[in-house]
Amino acid sequence: MLLLSGPHQVNSKPHILPDPQQQQAIEHVHGPMLVVAGAGTGKTTVLIRRIASLIRDGHARPDEIIALTYTDNAAAQMRDRLGAELGKREVQGLQVCTFHAYCNELLIAADRKFGVLDDKQLWIFLRKNLRELKLNHFVRAANVSKFLDDLLDFIRRCHDELVTPEAYRNYVCRLEKGELPIPRVTKSKDIDEISDEEALGRCREIAFVFETVERMLRERNLGTFSHMILGANDLLANNPEVLAKARGRAKFILVDEFQDANFAQIEVLGKIAGGNSETQNIFAVGDPDQGIYRFRGASSEAFDLFLQRFPDAKLVSLTRNRRSTTPILKSAYAVIDKNPEISSQSGAPYRREPLLSARDEQERELASKRALVEAVLVTSAFMEATDLVTTLLDRRKRSRCQWKDIAILYRIHTHRDEVANELARNNVPFSIEAMDVLDTPEVRDLLACLSAVFMPGDSASLLRVVALRQFTVDPNALRSALKSLPRDSNAGVLGVLPIIPGGPEVLGSIDKARASTSGLKANSALMSLARQFQVPRNSAVNAFLEFAQKWQEFPLTESGSPTEFLEYLEYFREARGTVPLAMTEEENSVKLMTVHGAKGLEYEHVFVLRATKPSFPAAYRESLIDFPRELRNSTSFSDFDDKTLCEHEERRLFYVAMTRARDTLTIYAPFGRGEKDKTPPGYLRELLKARELKPVLRERNCREFQTAIFAEEEVLTPASRLSEWVGMPPASDLASTLSASAIDNYKLCPLRFKLDRDWRIPGDVSAALQYGASMHRVLRTYYDSIKLGRAKTEPELLQLFRDDLRSEAIADPYQHDLYEQQGIAQLKEFLAANESHTEVLHTEEYFNIKIGATTLVGRIDRMDRAGDGRVVIVDYKTGKPKSQEDADESLQLSLYALAASEKWGYIPERLEFHNLDGNTLISTVRSAIQLEEARIEVEKIAVKIAEGKFDPKIGYHCNSCAYRGICPKTEKRVPEIAIAVEQVN
DNA sequence: ACAATGAGGGTTTTT
DNA sequence: CCCTCATTGT
């Protein structure tokens, strides 16, 4: 057991003597003080000891002290440490809580409690009530919720800056009078495309949305987390009694992680701290170089705002780092020192100083032997993973540390995937922070069961259930039954199960489950289904069950029924919601987490992944709606634009990552692509160039790897039966008949192509396709009517369109209405521009031609007669307008040209995309060579199909893929160790 | 200095 | 699909 008291014990804080700066902060009593505490300089210790001495020295009773943090965890930890320092009884009455909890309690005490919606809940609430927002500029029929994120981002920003809807409306009025410059309300690159009038219209729309959102919330007595701060600020401003009481309760205020404060929070602090510097006993601790929550409203100038608000504040800075070795601190300083210092108009009393390694000062003889910071340049993510695991095993052996002393940090979750696989392959115990359980096979199984029982029409889910091990359906029988359904049938998997061996048993189980879960709420139904369908209760499933439980308590959840839950999840997915799995703390395993998740933590050995632009630092992404300076309440004038501020924040984030390391720091990055400079763009390039870092930084290339590793992968990941099914070679030659769209589909994702063609699992038809089909039919009718000499009138066509679109039954009524409006506008424009048209030869004409062994089929929207017995081929585009480049490169048009000559003997004069959006014609031509290239392309794809190449291609399109729940490639496993622990519990 | 081109990535997270 | 950035050639 003695062995367990590793090096961490040495660092355990209470026994270290404070240095003079710490002492000064601890002993401070009256008036405002700002403690700038660099990474690893013991800031929380200072905070705790100061509270202890305030109480011990009789300056305050515990119930006159308030300590504020930003997370529940931090608050709990501080409470524990205070209890240990002072004794449980002594801390009675001492208020240690998060900022939000503090504000919320003020509101509850004033009888202003409201139902709390988090970001996703708010998004979904508005998504369901989009009509009420009366959007005009910020809505698209094809993607109804496209701008919701942008609008909510803007509103959140207003909250953080204490800008009310009235203030924004007032701002728009001033814009209208020309008193203020027009703000940016679109991406910079499109700024020339919108007029001032359009921009003003957008501003008015934003004003209306802001007002409406606030009203909708108020009417239902709902609010967001920002409303806690806003409400408290309001209450303190307008209610002298509440203010007096709050001040009496807060004679001494201590704030941890102050760099995470936003303007609204600092306003609240200002109010409870009172007006004169004698009684402003406010004590804030933080590190401006570790502010990494700007996107959450933390003002990058919190320290500056503090000094403005409390000009008499004393300033202390802590620079003795008790965590890391000198090489780590020097390298980290080189990174962060490229950021400007905090601006501070109020006399600039603070300068950034290099952190000094207290350990190296104390242990002189060790100082010279410290490991250098290591930069490893790799050729691929795979090499990053293999080299990292080898290096990690070596580090552990040499330092004889435990698994839990090692952390692997990354910018975004997906960066960890290869490393996680590689660790699993090498049987290294590891755990992942905040892994999304929605992509785990077990949760997918459970969700599929829920769908199968309550929404049995969902074929993809039903297929997943059918493939569970306990059932005995023959996949070949199922597949051929599906394939022999008539094209227009919507029977799906549900329709064929009764007639295939083993199918009725599945249906029986589903019926039984439906009966036994009838009337249950989501959580209980899920638990029951997990039992009945033998879904293992691992940590992922438990996290999901917990999510269902919490959802039942959400303010806007109505009955809590499984059906309502399924509907919610659909929106939740659209809102890109995740269900994170908390990492078990005490476990002896290597920790994988984002740098954000690592803030405040430390590890002996730290690995940083993908340190290359634009991975880490991440590429800048411009907001759609700029927050104009004229709207700002905080008057801190740093002259930096948004992009620069983001760059600063990325740099701080990298600094946070580096300063987590105690003994060794290893940074991975792929080689740069340049001819001259092979170093990775970003921080590593800077570091490797810096002369002064030569003695502390080592560069090496990745080790060679053994090819044998590839083969092992399949063995170690036991494939589910579904992935076996999905991997089966097709029952027929899928290359024998192809179309332009099938080829596009194959290029997008070969697996998707196979599932469409070989299994014919019906998925949801997108509204865009439904609209397109409708428009095509209307136009066909129009030209046919002309041919018959009885041209339909505009009102007739519009009515036809309305009826036709209604028969398409677009699921979302709001989206249906938007498409109806759009279609009417486009048809009117089309007809207006189309008075005298040349002779139409064909409309919606089918063809099939031979290309090699493939029969290429298709349907040409329209062919017109051109001069010299030639033709014009027209294809309508109902989606985003196609460009000239699209037309020039379109395989579809090439194939139509081939078909025109082969089937009808026509010579195409030109090929046209007719964009119905904007009613523009894009013309192109094809040379004989280009046509030959198109043939070759088709043959190439046909060969791949014939060879059975159907590996899924993962990418952005996966979000809208009907088979997302059954695709094995997007499945993520919970690390084995987490499962093992769960079973023990 | 600048545009053209190609590749890689699609956040981060707490209340 | 859309956007940003690195790189390289003009």
Side-chain angles (χ1 to χ4, degrees), chain A residues 68-75 97-105 116-122 140 142-143 146 149 153 156 159-160 187-190 223-230 232 257 260-262 264-265 291-298 380-381 409-415 417 433-434 436 576-578 580 582 593-600 610 612-624 643 646-647 649-650 652-654 656-657 670-682 685 744 748 768 879-880 882 885-886 954-961:
Chain A
L68 297 172
T69 64
Y70 283 88
T71 69
D72 282 326
N73 270 343
C97 62
T98 66
F99 223 103
H100 287 89
Y102 174 75
C103 289
N104 204 27
E105 272 171 40
V116 183
L117 303 184
D118 65 23
D119 287 353
K120 297 297 173 213
Q121 291 174 52
L122 177 63
R140 292 284 171 274
N143 184 356
K146 185 164 183 219
D149 284 314
D153 274 351
R156 211 170 300 130
H159 286 158
D160 293 335
K187 295 285 167 108
S188 303
K189 80 171 172 64
D190 308 325
T224 63
F225 291 106
S226 338
H227 286 101
M228 294 179 183
I229 313 287
L230 295 178
E257 305 281 11
D260 292 340
N262 64 34
Q265 291 161 340
I292 54 175
Y293 285 108
R294 209 179 77 91
F295 68 89
R296 227 159 68 186
S380 67
L409 310 182
Y410 35 84
R411 175 68 242 258
I412 55 170
H413 292 291
T414 48
H415 289 165
D417 291 348
E433 169 66 31
D436 182 12
R576 295 189 310 275
T578 60
M593 64 186 109
T594 63
V595 180
H596 284 90
K599 196 176 101 167
R610 302 256 187 124
T612 183
K613 224 172 178 178
S615 292
F616 192 3
Y620 170 64
R621 313 186 62 169
E622 187 179 59
S623 67
L624 183 72
K643 187 177 173 192
C646 280
E647 281 164 7
E649 178 141 315
E650 290 296 314
R652 289 194 293 268
L653 194 60
F654 199 72
V656 168
F671 286 102
R673 279 174 283 127
E675 279 296 298
K676 286 160 260 173
D677 190 350
K678 293 259 190 257
T679 62
R685 180 172 294 173
D744 281 344
L748 188 68
K880 189 179 163 280
K882 296 288 174 193
E885 207 189 355
D886 295 329
I954 51 174
Y956 193 67
H957 54 270
C958 297
N959 292 328
S960 55
C961 177

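Given the structure is predicted, the values throughout are model-derived calculations rather than measurements. Letters go in sequence order (proteins before strands), and every chain restarts at 1.
- When distances are taken from the side chain of A/Thr594 to each of B/dT15, B/dT11, B/dT13, the shortest belongs to B/dT13.
- Between the CD atom of A/Glu433 and the P atom of B/dT11 there is a distance of 19 Å, given to the nearest Å.
- As rounded to whole Å, 16 Å separates atom C1' of B/dT14 from atom CG of A/Leu117.
- Distance OH/A/Tyr102 to CE/A/Met228: 14.5 Å, rounded to 0.5 Å.
- The side chain of A/Ile412 approaches B/dG10 more closely than any other nucleotide in the set B/dG10, B/dT14, B/dT11.
- Of the candidate nucleotides B/dT13, C/dC2, B/dT14, B/dT13 has the atom nearest to the side chain of A/His596.
- Put simply, A/Lys187 has no side-chain N or O that comes within less than 4.0 Å of OP1 or OP2 on C/dC3.
- Each of A/Thr414 and A/Ala434 was matched to the nucleotide of DNA chain B holding its nearest heavy atom; the match closer to the 5' end belongs to A/Thr414.
- Contacts of A/Asn104 with the nucleic acid, taken as non-hydrogen atoms under 4.0 Å apart, are absent.
- One finds a salt bridge joining A/Lys599 and A/Asp260 here, because a Lys/Arg side-chain nitrogen approaches an Asp/Glu carboxylate oxygen to under 4.0 Å.
- A/Ile292 places its CD1 atom 18 Å from the P atom of B/dT11, with the value rounded to the nearest Å.
- B/dG9 has no base stacking with the ring of A/Tyr956 when judged by centroids under 5.5 angstrom apart and an interplanar angle below 30°.
- Nearest nucleotide to the A/Thr71 side chain, out of B/dG10, C/dT4, B/dT14: B/dT14.
- Within the 4.5 Å cutoff, the side chain of A/His413 has heavy atoms near those of the A/Thr594 side chain.
- The listed nucleotides are B/dT13, C/dT7, B/dT11; the one nearest the side chain of A/Ala618 is B/dT11.
- A/Arg621 has its CZ atom 12 Å from the C1' atom of B/dG8, to the nearest Å.
- Following rounding to the nearest Å, A/Asp677 (CG) and C/dT7 (C1') show an atom-to-atom distance of 11 Å.
- Checking the phosphate oxygens (OP1, OP2) of B/dT13, no side-chain nitrogen or oxygen of A/Arg411 falls inside 4.0 Å.
- For the OP1/OP2 pair of C/dC3 and a distance below 4.0 Å, the side-chain nitrogens and oxygens of A/Lys189 include at least one atom meeting the criterion.
- Between the CG atom of A/Asp118 and the P atom of B/dT14 there is a distance of 12 Å, given to the nearest Å.
- Contact check for A/Leu68 versus A/Gln265: no side-chain heavy atoms found under the 4.5 Å cut-off.
- Residues A/Glu650 and A/Arg411 form a side-chain contact, since some pair of their non-hydrogen atoms from C-beta on lies under 4.5 Å apart.
- Taking 4.0 angstrom as the limit, A/Ser615 places a side-chain polar atom (N or O) nearer than this to OP1 or OP2 of B/dG9.
- Within 4.0 Å of A/His957, counting heavy atoms only, lies no atom of the nucleic acid at all.
- The side chain of A/Phe225 approaches B/dT15 more closely than any other nucleotide in the set C/dA6, B/dT15, B/dT13.
- What separates CZ of A/Arg610 from C1' of B/dG8 is a distance of 10 Å, to the nearest Å.
- Within the 4.0 Å cut-off from OP1 or OP2 of B/dG9, not a single side-chain nitrogen or oxygen of A/His415 is found.
- An OP1 or OP2 oxygen of B/dT15 is reached within less than 4.0 angstrom by no side-chain nitrogen or oxygen of A/Lys120.
- Ring centers of A/Phe616 and A/Phe654: under 6.0 Å apart, within the cut-off.
- Protein atom CD of A/Glu650 is 13 Å distant from nucleotide atom C1' of B/dG9, rounded to whole Å.
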